[in-house]
Amino acid sequence: QPSIFGFAPSQELVVRKAKLALKVFGYYRPTINLDVSETDWIMTVSLGSQVTWNQVKVEVLGDGAELTAFKKIVANHPLKTSKPINHEHYQKLKKSLEIKASELGFFKASFLEQKLLINTDKHTADVRLIFDTKQRYLFRQLSLSGSALSDEFLASLILIKEQSPYLQSAISKTHQA
């Protein structure tokens, strides 16, 4: 099938893309043979040994380190020693830490370290994810203005309290009230 530019895909490109796709699932040294005829392309794949997780360190630092939400993410992540690696799981773990930080008001959170080291000779992968939530933002002062409704009635609808930690869910619930 020609590309959008009218060029037929090269055999080398097809093999390279197949190898790249297999890396996601931990197959870093597959053997791929491509037999091409006028009408068919037949790919034969020998996966070889799958890379497994070896040393896995996932740590949360900062004000969020003791929050249950972050502890659950760290305790329940799928990157377990001796299990086959999956790059999608690694990326989802990183993303879940970032999303949770945003939901809980850790707007300056960042990774101090995010390393994925693959040893293709030993078929192992080491991970170091050190996530610093830094300081949590608080709702400081709340003010209501420009409404025909009484301040008392409006205050009864607001679920956010001054000096309470930022929570995206509290803003959403208040907005829906």
Side-chain angles (χ1 to χ4, degrees), residues 1-62 64-65 67-134 167-169 171-173 175-176:
Q1 183 91 7
S3 72
I4 60 171
F5 299 110
F7 300 111
S10 72
Q11 292 179 30
E12 182 181 306
L13 176 66
V14 170
V15 169
R16 192 170 53 238
K17 290 204 177 249
K19 285 183 176 182
L20 184 63
L22 291 170
K23 281 183 181 181
V24 171
F25 302 104
Y27 296 103
Y28 277 78
R29 290 189 174 171
T31 302
I32 298 177
N33 293 310
L34 189 60
D35 295 318
V36 179
S37 70
E38 287 185 28
T39 57
D40 297 314
W41 288 41
I42 299 172
M43 182 181 292
T44 306
V45 179
S46 175
L47 295 174
S49 296
Q50 190 174 24
V51 173
T52 58
W53 297 114
N54 183 36
Q55 295 179 7
V56 177
K57 179 173 183 165
V58 180
E59 187 176 358
V60 175
L61 306 174
L67 293 180
T68 303
F70 287 109
K71 286 182 176 185
K72 281 183 182 178
I73 292 171
V74 171
N76 297 323
H77 70 75
L79 315 183
K80 304 297 183 198
T81 300
S82 299
K83 296 291 183 191
I85 78 163
N86 182 318
H87 288 269
E88 185 178 348
H89 294 164
Y90 172 73
Q91 294 299 332
K92 281 183 177 180
L93 172 58
K94 289 180 7 178
K95 189 55 108 180
S96 67
L97 289 167
E98 292 171 328
I99 289 170
K100 189 56 66 182
S102 179
E103 289 173 354
L104 298 177
F106 296 98
F107 299 122
K108 292 186 179 179
S110 64
F111 285 97
L112 298 178
E113 194 172 350
Q114 49 182 330
K115 289 185 181 176
L116 174 57
L117 304 170
I118 308 292
N119 184 327
T120 56
D121 293 330
K122 293 183 179 179
H123 307 292
T124 60
D126 294 337
V127 173
R128 283 185 55 84
L129 288 176
I130 312 299
F131 188 69
D132 186 358
T133 64
K134 298 185 177 61
L167 286 171
Q168 179 63 44
S169 60
I171 292 174
S172 296
K173 287 177 185 173
H175 181 70
Q176 293 170 356

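- Two residues are said to be in side-chain contact when any heavy atoms from C-beta on lie closer than 4.5 Å; Val14 and Gln11 fail this criterion.
- Within the model, atoms NZ of Lys100 and NZ of Lys72 stand 8.5 Å from one another, a figure rounded to the nearest 0.5 Å.
- When the salt bridge (Lys or Arg N to Asp or Glu O under 4.0 Å) test is applied to Lys92, the partners found at least two apart in sequence or on another chain are Glu88.
- Here the shortest heavy-atom pairing between Ala75 and Lys80 reads O-NZ, 3.3 Å.
- At least one donor-acceptor pair closer than 3.5 Å links the side chain of Ser96 to the backbone N or O of Leu93.
- Here the straight-line distance linking atom CG of Leu97 with atom CG of Asp132 works out to 12.0 Å at 0.5 Å rounding.
- Here the shortest heavy-atom pairing between Ala125 and Ile85 reads CB-CG2, 3.7 Å.
- Put simply, the side chain of Ser49 does not reach to within 4.5 Å of the side chain of Arg29, judged on heavy atoms.
- Nearest heavy atom pair, residue Leu104 against residue Ala69, reads CD1-CB, 3.9 Å.
- Separating the CD1 atom in Ile130 from the NZ atom in Lys57 is a distance of 4.5 Å, to the nearest 0.5 Å.
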*Dump the intermediate steps for side-chain contact (heavy atoms from CB on, under 4.5 Å) on Phe106 and Leu67, then the final yes or no.*
CA-CA 12 Å; Phe106 296 98; Leu67 293 180; 3.7 Å; yes
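- Every residue meeting the side chain to side chain contact (heavy atoms under 4.5 Å, CB included) condition with Leu47, not counting sequence neighbours, appears here in chain and number order: Leu22, Tyr27, Val45.
- Minimum heavy-atom separation, Gly64 to Thr133: N-OG1, 2.8 Å.
- Rounding to the nearest 0.5 Å places OG of Ser46 at 9.5 Å from CD1 of Ile32.
- For Lys134, the NZ atom counts as densely surrounded, since its 6.0 Å shell holds more than 12 non-hydrogen atoms of other residues, nucleotides or ligands.
- Evaluation of the ring-ring contact (aromatic ring centres under 6.0 Å, His included) rule for Phe111 yields Phe131 as partners, not counting sequence neighbours.
- Scanning both residues, Trp53 and Asn86, for their nearest heavy atoms gives CZ2-N, 3.8 Å.
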*asked:* Run the side-chain contact (heavy atoms from CB on, under 4.5 Å) test on Leu13 and Arg16 for me, step by step, so that the C-alpha distance in whole Å, both residues' side-chain angles and the decisive distance to 0.1 Å come before the verdict.
replied: CA-CA 5 Å; Leu13 176 66; Arg16 192 170 53 238; 3.3 Å; yes
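- In terms of heavy atoms, His77 sits closest to Val56 at CE1-CG1, 3.7 Å.
- Side-chain atoms of Asn33 never come within 3.5 Å of backbone atoms of Thr44 as a donor-acceptor pair (strictly under, hydrogens ignored).
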*Does the pair His87 and Leu116 meet the rule for a side-chain contact (heavy atoms from CB on, under 4.5 Å), with working shown?*
CA-CA 9 Å; His87 288 269; Leu116 174 57; 3.5 Å; yes
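- Asp40 pairs by the salt bridge (Lys or Arg N to Asp or Glu O under 4.0 Å) definition with nothing, not counting sequence neighbours.
- Annotation: Lys108, atom NZ; neighbour count of heavy atoms from other residues, nucleotides and ligands within 6.0 Å does not exceed 12.
- Distance OG1/Thr81 to CG/Asp126: 9.0 Å, rounded to 0.5 Å.
- For Glu113, the salt bridge (Lys or Arg N to Asp or Glu O under 4.0 Å) test picks out Lys115, Arg128, with sequence neighbours left out.
- Residues satisfying the side-chain hydrogen bond (donor to acceptor under 3.5 Å, both in side chains) criterion with Tyr90, sequence neighbours excluded, are absent altogether.
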